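Take a look at the structure below.
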2 protein chains.
Amino acid sequence: MKILITSGGTSEKIDQVRSITNHASGNLGKIMAELFLKNGHQVTLVTTKSAVKPDAQAGLNIKLVSDVASLQETLEPLVKSHQVLIHSMAVSDYRPVYMTDLAELQTTKDFSQLLNKKNSETKISSAADNQVLFLKKNPKIISLVKEWNPDIRLIGFKLLVDVPKEELWEVARSSLKRNQAELIVANDLLDINEDQHLGYLVDENTQEPARTKQEIAQKIYERISKHD
Amino acid sequence: MKILITSGGTSEKIDQVRSITNHASGNLGKIMAELFLKNGHQVTLVTTKSAVKPDAQAGLNIKLVSDVASLQETLEPLVKSHQVLIHSMAVSDYRPVYMTDLAELQTTKDFSQLLNKKNSETKISSAADNQVLFLKKNPKIISLVKEWNPDIRLIGFKLLVDVPKEELWEVARSSLKRNQAELIVANDLLDINEDQHLGYLVDENTQEPARTKQEIAQKIYERISKHD
């Protein structure tokens, strides 16, 4: 099979020297890629410069992206040419559009105008005591996947922080339906550390727990293989 | 001599999953640390988890920091116990304090109130079409160094983007005087790429150019040694 995996976290530039970055090591994506490669599948890994990656090897193709715009541009043709997408990348919900100070805010009546302004400086000045950053919502990449390729099998990820497990599963199940995924891996940041990575493989009716990145990768691999 | 070097870039958390990060690889700090170590000096390197670092070796002590608050806390006692500080870290000018949406902005009269609010959610909701992030200025760490230890020799760095060289030198010289540094290394982001790193060693009267990270490190080493 041709397996498409996303990993790492996107970054959105504020200016030439600063970005808003979503934290993600790329470890789980690396483990999944290696598992599919070991079992003879072709893997395309869409990831970031700073994420950990498998060593170069036959069957592996790596594509680097930075922000959500570059992710979308890279992913669309790949989604059309693969049978499975495992979308574990931490994607930026918002992108910076304009940075200003409180003085401009006080003299602005309609704040939506500020969303259409752009900073002219390449490195925004650090003179003011405070800054105000306006951000716009990014497109939800996972919601575009089935538009690009209705036949692709989609495994999504949902990360929440410090919520009851029932809420975590419910949010995952809602994403499952909305994005026509066959599985959402739901995890809570509080359950992730160097030694463990508690995740739940959530489908329409069940939520199967896995305790480590290796176990999450293995269980995803088994699900994908079973219905192959 | 006991040499204190900072490298990499600080990150300021927006919430548990996102940060504003200043880009810096840590390469120059690594090269400088290795050069001083090779010549028999003791080096303390204050850097970040993601920055590149020299291999563990005798004479080298590495301290990890994340945001400006942790940098300040770590640096103060070290500045008091070292003879030289080479402060090449890219330090965040501002830290996020409160994220809201346009609706709250429209109903707020005094925006400075929003600077005292805090988000209660651990991961800020991504429901709104837009977000507005309020940031506060961080303390300028370089301006505290001589308060902590009037006798330390201070080498600072100044990064600008796309400015005429005369302006770059002038801004560096102003930082030199304001912070009582003996040298400011001034560079323009446009002059930095994989093959070159054009920097100017700016003191009161001269600006000596260097074309690579190795050359910048070597020239700093010579200046420090000459007046030892």
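Chain letters run A, B, ... following the sequence lines, proteins first, then strands; residues in each count from 1. Hydrogens, waters and symmetry mates play no part in the numbers below; they use all other heavy atoms, side chains included. If you're wondering where the values come from, they're calculated on a predicted model, not measured in any experiment.
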### Task
State whether the number of non-hydrogen atoms from other residues, nucleotides or ligands found under 6.0 Å of A/Lys53 atom NZ is greater than 12.
yes
### Message
Within this structure, what is the OH-CG distance for the pair B/Tyr94 and A/Asp129, rounded to the nearest 0.5 Å?
### Response
7.5 Å
### Atom CD of A/Glu34: over 12 foreign heavy atoms under 6.0 Å
yes
### Task
Go through the atoms of A/Ile14 and report whether side chain, backbone, both or neither lie under 4.5 Å from a heavy atom of chain B.
side chain
### More than 12 heavy atoms of other groups within 6.0 Å of A/Lys136 NZ
yes
### Query
Does the side chain of A/Gln131 come within less than 4.5 Å of B/Leu133's, by heavy atoms?
no
### Message
Using heavy-atom distances under 4.5 Å, tell me whether A/Lys13 contacts chain B through its side chain, its backbone, both, or neither.
### Response
neither
### Query
Is the shortest heavy-atom distance from the side chain of B/Met99 to the side chain of A/Leu135 under 4.5 Å?
yes
### Query
CD of A/Glu215: more than 12 outside heavy atoms within 6.0 angstrom?
yes
### Message
Is it true that, when you exclude A/Asp55 itself, more than 12 heavy atoms of the residues, nucleotides or ligands shown sit nearer than 6.0 Å to its CG?
### Response
no
#### Entry: Heavy-atom contact with chain B under 4.5 Å, split by part of A/Ala128
both
### Query
Between A/Lys109 and B/Gln106, what is the shortest heavy-atom contact and its length?
O-OE1, 3.7 Å
### Message
Report, in residue-number order, which members of residues 175-188 of chain B are under 4.5 Å from chain A by heavy-atom distance.
### Response
none
## Note on the structure
Cut-off 4.5 Å, heavy atoms of chain B, and the answer for A/Leu115 is side chain
### Message
With chain B as the partner, which of A/Asn22, A/Leu105, A/Val97 has the greatest number of non-hydrogen pairs under 4.5 Å?
### Response
A/Leu105
### Message
Can you tell me how far apart NZ (B/Lys137) and CG (A/Asn130) are? Round to the nearest 0.5 Å.
### Response
10.0 Å
### Task
Counting only heavy atoms closer than 4.5 Å, note whether A/Ala103 contacts chain B via side chain, backbone, both or neither.
neither
### Query
Can you tell me how far CD of A/Gln16 sits from CG of B/Asp162, rounded to the nearest 0.5 angstrom?
8.5 Å
### Task
Quick one: closest heavy-atom pair of B/Ser19 and A/His23, and the distance?
OG-NE2, 2.7 Å
### Query
Can you say whether B/Ile20 sits under 4.5 Å from chain A via the side chain, the backbone, both, or neither, judging by heavy atoms?
both
### Query
With side chains defined as the heavy atoms from C-beta onward, is the minimum distance between A/Phe134 and B/Leu102 less than 4.5 Å?
yes
